[in-house]
Protein chains: 2
Amino acid sequence: MGDFKLREPLEELAAQCSLPAALEAIGERWAFLILRAAFNGLHHFEEFQSTLGIARNILANRLGRLVEHGIMVRAPLPDDRRKIEYRLTEKGEALLPTMIALRQWGEVWETGTPSTPVLVDARDGVPVREVHVLSHDGRELGWHDMRWATAEDLARGTVCGGEDPAFRELAAE
Amino acid sequence: MGDFKLREPLEELAAQCSLPAALEAIGERWAFLILRAAFNGLHHFEEFQSTLGIARNILANRLGRLVEHGIMVRAPLPDDRRKIEYRLTEKGEALLPTMIALRQWGEVWETGTPSTPVLVDARDGVPVREVHVLSHDGRELGWHDMRWATAEDLARGTVCGGEDPAFRELAAE
DNA sequence: AGATCGGGTTGCGAATCGCTACCTATCCTG
DNA sequence: CAGGATAGGTAGCGATTCGCAACCCGATCT
């Protein structure tokens, strides 16, 4: 027991968009919270278990899955071979913007209060900005400032003002 | 059947961080994909069902939950009262940066290819930037450029260079 | 050697998922 | 206005998955 099977239907959708692929890796219950704990400096099974209150078998399963997906690495410590260190890989660290964006959304729309601890710039101790989608020239874009474009749209430059040199550059590849 | 009960343990954690609160709202399987479909312009039960391939009772449950959480609104159309429109609220639209960040992560670390369709700036048709965590002065911060700060850290300005005027301003509240 | 600790696995009942069939209003058509 | 099609769900039921508690086993400590 404890070896759960994959649920397939997401994979079909992954052909079109990589969101399903991402969810396959970290979309399960607890995965994001384990990740947050890891970002908070936790590295050991018992630490995750006691601070998250997650069931042990589920935790073992999730850690295993995160390792499978290359999001964390499992390393037995040389000085105490009972201890196993779970550590974020570069791939795992790359999930930070997603996690912060989700947390900030929760702050604004769910809890209404800033979470602690706060993530600050290590250089000057100032809290980080709110995560936004930015245009190529750095403007903050709301949903109504964007649109979807197909591969052909991009290649043709038929979307709107295809005169922009930065666009030509991007569309070229 | 179909009325699922909430699982509580997440709520305790929500006191400290609003990530659990956010996950309570959109952390379930399919929720993000329904959201993506909504961002792609789908508005009706059958549209979601056929494009996502999700089971009908699960879809009904998820849509209901998203509506409960104020992420979507359910509106019967006046001209055809069989039809129900599901539409993103402002709160739902605010999830776009999270979704894009997750999708971009999937593109880079899972599928390795850009997804279609591509999200572009409506003004000039240029694809949006990759989502990053930015410092108050706009630098892109990697995980190792940040740290966690407690409320006291912020109030005291003991973190590092507390001389920054922007920091004083933020720490004041 | 015996106790303890870190990191799991096993069993089992409860909750959730997914599939296939209904079901109920509303249109639409003759 | 009867009969069918359409939109949006429910109900039943087997297959997974979750959560809890108990057990296991190889280090390590005393």
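Chain letters run A, B, ... following the sequence lines, proteins first, then strands; residues in each count from 1. Bear in mind the structure is a predicted one, so any value in this text is a computation, not a measurement.
Comparing dG11(C), dT17(D), dG7(C) by their nearest atom to the side chain of Asn57(A) picks out dG11(C). The side chain of Lys83(A) approaches dG7(C) more closely than any other nucleotide in the set dA27(D), dG8(D), dG7(C). Of the candidate nucleotides dG7(C), dA7(D), dC27(C), dG7(C) has the atom lying nearest to any side-chain atom of Arg74(A). Here dC5(C) is the nucleotide among dG8(C), dG8(D), dC5(C) with the atom lying nearest to any side-chain atom of Arg82(A). Distances were taken from every side-chain heavy atom of Ile58(A) (C-beta onward) to each of dG9(D), dC17(C), dC18(D); the shortest belongs to dC18(D). For Ala60(A), counting side-chain heavy atoms from C-beta on, the closest listed nucleotide (dG8(C), dC18(D), dG8(D)) is dG8(C). Checked against dG7(C), dG8(D), dC27(C), the side chain of His44(A) finds its nearest nucleotide in dG7(C).
With sequence neighbours excluded, the residues satisfying side-chain contact (heavy atoms from CB on, under 4.5 Å) with Val108(B) are Glu130(B).
What separates CG of Leu52(A) from P of dG19(D) is a distance of 11 Å, to the nearest Å. What separates CZ of Arg29(A) from P of dC17(C) is a distance of 10 Å, to the nearest Å. Rounded to whole angstrom, the span from the CG atom of Leu66(A) across to the C1' atom of dG8(C) amounts to 16 Å. Across the protein-nucleic acid pair, Asn61(B) atom CG and dG18(C) atom C1' stand 13 Å apart, rounded to whole Å. Rounded to whole Å, atom P of dA7(D) lies 15 Å from atom CZ of Phe48(B). The separation between Phe45(A) atom CZ and dC5(C) atom C1' is 13 Å, rounded to whole Å. In this structure, the CZ atom of Arg65(B) is 14 Å from the P atom of dA15(C), given to the nearest Å. Here dC28(C) presents its C1' atom at 14 Å from CG of Asp79(B), a figure rounded to the nearest Å.
We find that Lys83(B) and Glu46(B) are not joined by a salt bridge, their nearest charged nitrogen and carboxylate oxygen being 4.0 Å or further apart. Under the 4.0 Å criterion applied to side-chain N and carboxylate O atoms, Arg139(B) and Asp121(A) are assigned as salt-bridge partners.
Between the side chains of His69(B) and Glu24(B), not a single donor N or O lies within less than 3.5 Å of an accepting N or O.
Regarding contacts with the backbone of dC17(C), every side-chain N or O of Trp30(B) stays at 4.0 angstrom or more from both OP1 and OP2. For the OP1/OP2 pair of dC17(C) and a distance below 4.0 Å, the side-chain nitrogens and oxygens of Arg62(B) include at least one atom meeting the criterion.
Judged purely by atom type and a 3.5 angstrom limit, Gln49(A) uses its side chain to pair as donor or acceptor with the backbone of Ile54(A).
Evaluation of atom-type donor-acceptor distances gives a pair under 3.5 Å for the side chain of Arg56(A) against the base of dG8(C).
Mapping Asp80(A) and Ala55(A) onto DNA chain D by nearest heavy atom places Ala55(A) at the nucleotide closer to the 5' end.
Counting any heavy atom pair closer than 4.0 Å across all strands shown, Tyr86(B) reaches sugar-phosphate atoms only and no base atom.
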